[in-house]
There are 2 protein chains.
Amino acid sequence: MRNRSVTYSSEATFQALADPTRRAVLDLLRRGSQPAGEIAGAFPVSRPAISKHLRLLRRAHLVREHREGRHRVYQLNPAPLRAVASWLDQYRTFWKMNLTSLKTFVEAEYVKETKQAAKTNIKTVPGKR
Amino acid sequence: MRNRSVTYSSEATFQALADPTRRAVLDLLRRGSQPAGEIAGAFPVSRPAISKHLRLLRRAHLVREHREGRHRVYQLNPAPLRAVASWLDQYRTFWKMNLTSLKTFVEAEYVKETKQAAKTNIKTVPGKR
DNA sequence: TTATCGCGTAACTGATAGGTTACGCATTAT
DNA sequence: ATAATGCGTAACCTATCAGTTACGCGATAA
C-alpha cells in the first residue's frame, strides 16, 4: 500500500479554529463522539447555529459525521491540525530566543492582558443553553 | 525579579491568525523587523489595508511597533503563539492514535482535498491576492 | 520655512459570518 | 398510519472586517 499523505487546506483549518465555539466543539469531541443534538445542548446558542459550525468543521475536515438511526454522530478528526502544528513549529525557535527582549515588553503590558484573558477562556463543557 | 507568566487572549490570537495576509506578515517578520511601508510593499494590497492588519496583530500582541525617525518598525512577538501551541498539544496524542481509523477516510476523501489544497497553500512571501 | 516622505486614521462600501426563527425531511415510536 | 424526534437548510438580520480613497500629522530633507 502506498503511503499517501493528505494535504488539508490550512486556510480552512485556521478559519475553522478562529471561532471559540468551534474550538470548544473540538474540545468537547476529544472526550468522545457525540450526536449533533448533544453537542448543541452543551452550548448557549441555538441548534441551527451549532449545525452551521459543524458544517464548517466538516468542510475543514476537523470532524466527520456518520448516521446512527436518526442521530448524526460527530467524531473528531485531528489530522488537519498537524499542518497548523508544523506552521507553528517555525516560530518555536523564536519564542525560545526572545525571552530577554520580551521581558521589557512584559513589564509594561501584561496588566491589560490578564484582565481580558479571563473572560475569553475556552470552556470545554459550557453550562447554560 | 519575579517570574511572571503573561496570559494572552487566545481568542485574539486565533482571530489574528485566521487571515492569510496576517499570517504572511508574521512569516515575513520572521526574517527580521521591517517598517510598515516595506511590509505593505510585499503585498498586493494598499498600505492602509496593511496598516489595519498591523493594528490587529498589535492588539493580539503578535507584533510590536517602535519608531525610528519617521519609520514605524514592526517586530515579531511570537510569545502568544505558545498558547496556541499548548492548545494544539492536547490534540497531538489524537492524531498519533487515529492513523488506522483515518485510513478508510483517506481512501474515500483525499482526492477532493488535493485538488483544492494547491491553491490555498500559504506563501511565505505572497504574490497576488 | 517649505516640501516631501512615512504612516496612521476617518469615512465609506461590499462581502462575509454568526446568530436567529421557520420549515422540511427522515427515522423511530405509538 | 400518525405523531414525535433529530437535525439540516432556507431566509433573514446584524455586526464585523477587509478593502478602498481622502486626509492629517510628525519627522526628515532642501
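Lettering follows sequence order; numbering is per chain, from 1. Quick caveat: nothing in here was measured; it's all calculated off a predicted structure.
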Dump every N/O contact between nucleotides 27-29 of chain D and the protein below 3.5 Å, one line per pair.
none

Side chain proximity check, [X] to [Y], heavy atoms < 4.5 angstrom:
{"X": "A:Val84", "Y": "B:Tyr91", "answer": "no"}
{"X": "A:Gln15", "Y": "B:Asp19", "answer": "no"}
{"X": "A:Leu76", "Y": "A:Leu62", "answer": "no"}
{"X": "A:Ile39", "Y": "A:Leu29", "answer": "yes"}
{"X": "B:His53", "Y": "B:Phe43", "answer": "no"}

For B:Val73 versus B:Glu68, what's the shortest heavy-atom pair and its separation?
CG2-CD, 3.8 Å
Using whole Å, what does the distance between atom [atom2] of nucleotide [N] and atom [atom1] of [X] come to?
{"X": "B:Phe43", "N": "D:dA18", "atom1": "CZ", "atom2": "P", "answer": "13 Å"}
{"X": "A:Glu38", "N": "D:dG8", "atom1": "CD", "atom2": "P", "answer": "13 Å"}
{"X": "A:Glu11", "N": "D:dA18", "atom1": "CD", "atom2": "P", "answer": "12 Å"}
{"X": "A:Arg23", "N": "C:dG18", "atom1": "CZ", "atom2": "P", "answer": "12 Å"}
{"X": "A:Leu54", "N": "D:dG6", "atom1": "CG", "atom2": "P", "answer": "16 Å"}
{"X": "A:Arg67", "N": "C:dT28", "atom1": "CZ", "atom2": "P", "answer": "12 Å"}
{"X": "B:Glu65", "N": "D:dG26", "atom1": "CD", "atom2": "C1'", "answer": "13 Å"}

Give every pair of a protein N or O atom and an N or O atom of nucleotides 9-17 of chain D that lie under 3.5 Å apart, one pair per line with the distance.
none

Can you tell me how far apart CG (A:Leu57) and OH (A:Tyr74) are? Round to the nearest 0.5 Å.
9.0 Å
Give B:Ala36 one of three labels, base, sugar-phosphate or nothing, depending on what nucleic acid heavy atoms sit under 4.0 Å from its own.
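Sugar-phosphate: the residue B:Ala36, judged by heavy atoms under 4.0 Å, touches backbone atoms but no base.
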With a 4.0 Å cut-off on N to O distance, would you call B:Arg55 and B:Glu65 a salt bridge?
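Between B:Glu65 and B:Arg55 there is no salt bridge, as every charged N stays at least 4.0 Å from the carboxylate O atoms.
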Short side-chain N/O contact from B:His71 to OP1 or OP2 of C:dC7, under 4.0 Å
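Yes, because at least one side-chain N or O of B:His71 sits under 4.0 Å from OP1 or OP2 of C:dC7.
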Here's a test of your reading of the structure: between B:Tyr74 and A:Ile50, which maps to the more 5' nucleotide of DNA chain C?
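In this pair, the answer is B:Tyr74.
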Taking B:Asn77 for the side chain and B:Arg64 for the main chain, is one N or O donor matched with an acceptor at less than 3.5 Å?
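Such a contact is absent between B:Asn77 side chain and B:Arg64 backbone.
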